[in-house]
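For reference, positions follow the sequence shown, starting with 1. Below, all heavy atoms of this structure are taken into account, side chains as well, without hydrogens, waters or symmetry copies.
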Amino acid sequence: MALLFVDGLGLSQDPRSPLKRLKLPVLQALSGGFSWQAFNQPQLAYRVLDAGLGVEGLPQSGTGQTTLLTGHNAAQMLGHHQGPHPLSKLQTLLRQESLQVWAAQRGLWVWHANGYRQEYLEKVQKSRRNLLSAFAFAARVAGLKLLPLEHPLALPPAFWPEPQAAGRRFARLAEAHHLTILENWALDYAAHRQPESLEARILELEGFLQGFLEARSRATLILTADHGNAEEPWHPQHTQNPVPLIVCGPLAPLLPQMCSLADLAPWIRACLGPEVKKL
């Protein structure tokens with residue numbers, strides 16, 4: 001199972017959106033043209049997820065990612081959206097309920113594929129406060145290593161010189177593990193701080209997905225996000241738009257109807273359950 005998390009990828013019906021203007025044949029095919037309606041095809045299932053979680057205000061990364069990873073509505077638990085990094089209450093929830101911890105405790109092979117700059121890893125170690133995203137924090141408390149960029153089994157989160165080759169590498173990693181996770185934070189970063197580079201980041205994602213599909217991996221690809229942002233680059237804020245959920249591969253026919261970020265983690269656990277019994 002290959003979980004590709006794309007920070008800040010929401011859905012937009014605005015013709016100004018780069019999702020509408022750019023030539024993105026792979027993403028278009030996987031999402032029905034970034035549809036707001038769920039659909040099923042052979043080996044492909046598509047859902048539209050509410051990122052607002054029933055809480056007023058703009059969705060944020062800390063609560064959105066924690067909800068995706070645990071199946072618990074983190075925003076409702078706190079009474080507000082929180083980001084970018086999970087604070088103490090969300091950290092406790094991730095320690096107890098995240099997919100990474102759940103899978104590692106059951107002996108499954110879990111891989112956090114992100115590579116990090118060495119100076120960032122040193123800064124994380126020295127800091128008294130949490131500097132990690134919910135995905136990286138959950139990986140660390142599950143006992144997974146946060147790898148330097150130079151590690152042969154690490155992938156950059158984006159900025160790939162050869163996006164298709166990176167997608168093929170991700171597919172190979174996924175075949176070697178029960179659950180492989182890559183966190184792509186580049187779209188959200190670009191939308192906030194470098195809007196002039198956003199289209200390049202989206203096109204990189206398109207090429208990465210093309211490479212993954214060309215690899216014809218046995219692993220099921222899952223792509224989703226925590227909130228919207230990149231779909232509306234004419235402002236720097238998060239949006240209240242829904243986010244896509246794409247499931248492509250052998251497990252796609254098993255995907256039930258979903259409408260919330262909180263729906264994903266329980267389904268992933270259910271899919272990985274038979275693998276636990278084989279161990």
Side-chain angles (χ1 to χ4, degrees), residues 2-14 17-20 22 24 26-40 44-76 81-84 86 99 133-135 157-158 181-192 198 201-202 205-206 208-209 220-233 235-248 252 255-268:
L3 175 54
L4 175 60
F5 166 71
V6 184
D7 196 340
L9 179 62
L11 296 170
S12 177
Q13 296 176 323
D14 194 306
S17 174
L19 304 184
K20 299 293 185 181
L22 294 176
L24 304 167
V26 177
L27 274 163
Q28 292 273 350
L30 293 174
S31 66
F34 298 103
S35 175
W36 287 45
Q37 299 294 323
F39 66 83
N40 293 284
L44 175 64
Y46 176 79
R47 304 289 183 265
V48 178
L49 304 183
D50 168 44
L53 299 171
V55 175
E56 291 187 6
L58 293 178
Q60 299 295 325
S61 294
T63 39
Q65 293 176 27
T66 300
T67 300
L68 280 170
L69 287 173
T70 66
H72 295 273
N73 188 324
Q76 284 193 349
H81 299 283
Q82 182 189 96
L99 286 170
S133 69
F135 275 83
I181 298 174
L182 182 66
E183 176 187 4
N184 179 337
W185 46 261
L187 268 66
D188 190 61
Y189 181 87
H192 280 304
L198 179 59
R201 302 288 83 79
I202 295 174
L205 176 62
E206 168 78 8
F208 183 93
L209 292 170
T220 293
L221 172 68
I222 302 169
L223 182 154
T224 195
D226 51 354
H227 57 73
N229 186 2
E231 76 279 11
E232 294 184 1
H235 63 78
Q237 297 178 328
H238 293 177
T239 72
Q240 293 181 325
N241 292 331
V243 301
L245 169 62
I246 296 167
V247 178
C248 182
L255 188 72
Q257 292 301 315
M258 294 185 181
C259 59
S260 166
L261 301 182
D263 295 335
L264 181 60
W267 178 74
I268 291 178

When rounded to the nearest 0.5 angstrom, what distance separates CD1 in I268 from CG in L99?
5.0 Å
Report the residues that fulfil side-chain contact (heavy atoms from CB on, under 4.5 Å) with Q28, sequence neighbours left out, ordered by chain and then residue number.
L24, F34
Do L221 and I246 have side chains that get closer than 4.5 Å, going by heavy atoms?
no
Test item: F5 and L69 side chains (from C-beta on) under 4.5 Å apart, heavy atoms
no
Distance from L4 atom CG to F208 atom CZ, nearest 0.5 Å?
5.5 Å
Supply the atom-to-atom distance L3 CG to I222 CD1, rounded to the nearest 0.5 angstrom.
5.5 Å
side-chain hydrogen bond (donor to acceptor under 3.5 Å, both in side chains) against S133, all qualifying residues, sequence neighbours excluded:
E183
Tell me, which pairs form a side chain to side chain donor-acceptor pair (under 3.5 Å) where one or both residues lie in residues 44-53, sequence neighbours left out?
N40-R47
Taking the side chain as C-beta and beyond, is there a heavy-atom pair between V48 and M258 under 4.5 Å?
no
Only counting residues at least two apart or in another chain, list the ones meeting side-chain hydrogen bond (donor to acceptor under 3.5 Å, both in side chains) with N229.
D188, H192
Side-chain heavy atoms of L44 within contact of L30, under 4.5 Å:
yes
Polar side-chain atom of Q240 near backbone of G52 as donor-acceptor pair, under 3.5 Å
no
Short side-chain to backbone donor-acceptor contact, S61 and G83, under 3.5 Å
no
How long is the gap from CG on L223 to CG on L205, to the nearest 0.5 Å?
6.5 Å
State which residues pass side-chain contact (heavy atoms from CB on, under 4.5 Å) with H81; sequence neighbours excluded, sorted by chain then number.
V55, P59, Q60, T63, A75
Considering residues at least two apart in sequence or located in another chain, which fulfil the side-chain contact (heavy atoms from CB on, under 4.5 Å) criterion with T239?
E231, E232, H235, N241
Under 3.5 Å, side chain of T224 to main-chain N/O of P244, donor-acceptor pair present?
yes
Can you tell me how far apart OG (S31) and CG (L19) are? Round to the nearest 0.5 Å.
8.0 Å
Side-chain heavy atoms of L245 within contact of D263, under 4.5 Å:
no
